[in-house]
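Step one of this worksheet: look at the structure below.
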Number of protein chains: 2
Amino acid sequence: MIASDKFLESKGIRPTAMRLLVFQHLAKSKVATTLSDIENAFAKADRTTLFRTLKTFEQKRVVHQIDDGSGIMKYALCEEGCNCELERDLHLHFHCTNCGETICLTEQKIPHINLPDGFVAEDANLVLKGICDKCSGQ
Amino acid sequence: MIASDKFLESKGIRPTAMRLLVFQHLAKSKVATTLSDIENAFAKADRTTLFRTLKTFEQKRVVHQIDDGSGIMKYALCEEGCNCELERDLHLHFHCTNCGETICLTEQKIPHINLPDGFVAEDANLVLKGICDKCSGQ
DNA sequence: TCAATAAATGCACTTCCATTGCATTGCCCT
DNA sequence: AGGGCAATGCAATGGAAGTGCATTTATTGA
Ligand SMILES: [Mn+2]
Ligand SMILES: [Mn+2]
Ligand SMILES: [Zn+2]
Ligand SMILES: [Zn+2]
């Protein structure tokens, strides 16, 4: 367990107080997090700063953005061994229509798809919607 | 080739002039269509009416909405033999990052995914992003 | 150390699209 | 014709992403 500030530095991010708080908040969360989630968690923080913090994290491959179709972007930490620099870590996401939470299913990779001639895929987004384990009572 | 008005009626939709125009516009289009696309095609039409027309079509399973991650919703006619009423017709969509167009790959179904215990999937959205056949020059 | 420089932050504002409220119009049926 | 409901048009709202710019904070190097 490397210290947060060292980790951010290793990614080329200056570890400001705000960034450390946001990073640790993301690290604690088991589910994908919205900008508003973070805004509510740190009442003193300005939305724009948080927004730009997330964009910085995304650019430096510390988090990935998740579009689960809810209309609100969510963010989650990238996995430890994730080789985001080369190729996106194409796991799928599950969005619970009951509790509204979205989680990374990092074990479930997006299967390879054979596309018609002429189509070249560079990225993929697979979101399953339904009832999550907590909501299905199991 | 059934007449448009008869078709809409068969779906429980009153075939107004506006609705027929929108339907035929969608039928002609090879790619998924935005509200603004339609608005531009019929300068006289009001955006709200077109919006509600699409919602009606969606509810009656004449079109399906496509969230390709571009931030703008798109719509495409459902397939002829599509049994949308029972279960969503889970084909994938391809979004070209060059020309911005999104097309239904109705032949390419979303593969079945084994989920962890407790997760129950009811819907799925798979969007591949990259270069389309027209833009790859092939 | 201290001034110069660069990076991060905070506030206000904009933009874009989806969505709604409400008054009006048009259609259908008796 | 007239009552009633569905469809339409216009105006306004809402939610979220994103930008401009001034201010504060950190870093650098003379
Ligand atoms: Mn994820
Ligand atoms: Mn489609
Ligand atoms: Zn849930
Ligand atoms: Zn293209």
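Note on naming: letters A, B, ... go to the chains in the order of the sequence lines (proteins, then strands), and numbering restarts at 1 for each one.
Within 6.0 Å of CD on A:Gln24 lie more than 12 heavy atoms contributed by other residues, nucleotides or ligands.
Contacts of A:Lys44 with the nucleic acid, taken as non-hydrogen atoms under 4.0 Å apart, are absent. Nucleic acid contact for A:Arg47: sugar-phosphate only, since backbone atoms but no base atoms lie under 4.0 Å from a heavy atom of the residue.
Atom-to-atom, CZ of B:Phe51 to P of D:dA7 comes out at 15 Å; the value is rounded to the nearest Å. Between B:Leu35 atom CG and C:dC16 atom P there is a gap of 15 Å when expressed in whole angstrom units. Residue A:Met73 contributes atom CE, which lies 13 Å from atom C1' of D:dG15 at whole-angstrom precision. Taking atom CG of B:Leu20 as the reference point, atom P of D:dT8 lies 10 Å away to the nearest angstrom. If you take CD of A:Glu9 and C1' of C:dA8, they are 15 Å apart, rounded to a whole angstrom. Regarding B:Asp67, its CG atom lies at a distance of 15 Å from the P atom of D:dA16, rounded to whole Å. Atom pair A:Asp46:CG and D:dA22:C1' shows a separation of 13 Å (rounding to whole Å applied). Distance NZ (A:Lys60) to P (C:dA7): 11 Å, rounded to an integer number of Å.
Distances were taken from every side-chain heavy atom of B:Ile72 (C-beta onward) to each of D:dC21, C:dC17, D:dT8; the shortest belongs to C:dC17. When distances are taken from the side chain of A:Arg52 to each of D:dA17, C:dC11, C:dA18, the shortest belongs to C:dC11. When distances run from any side-chain atom of A:Met18 to the nucleotides C:dT9, D:dG18, C:dT20, the shortest one goes to C:dT9. Closest to the A:Arg14 side chain, of the nucleotides D:dT27, D:dA17, C:dA18, is D:dT27.
Summary of the strand contacts: B:Ile13 and B:Thr48 both lie near DNA chain D, and taking for each the nucleotide with the nearest heavy atom, the more 5' one is attributed to B:Ile13.
The side chain of A:Thr49 contributes an N or O atom lying less than 4.0 Å from OP1 or OP2 of C:dG10. Considering only side-chain N and O atoms, A:Thr53 lies nowhere under 4.0 angstrom from the phosphate OP1 or OP2 of C:dA8.
No donor-acceptor contact under 3.5 Å links the side chain of B:Arg19 to the base of C:dG26.
Applying the salt bridge (charged side-chain N to carboxylate O under 4.0 Å, His left out) definition to pairs two or more places apart or across chains, those involving residues 63-73 of chain A are A:Asp68-A:Lys74. For residues 23-60 of chain A, the ring pair (Phe, Tyr, Trp, His ring centres under 6.0 Å) pairs, not counting sequence neighbours, are A:Phe7-A:Phe23, A:His25-A:Phe42.
Taking the side chain as every heavy atom from C-beta outward, A:Ile113 and B:Leu126 approach each other to under 4.5 Å.
A:Ile13 and A:Leu26 end up in the same hydrophobic cluster when Ile, Leu, Val, Met, Phe, Trp and Tyr side chains are linked at under 4.5 Å.
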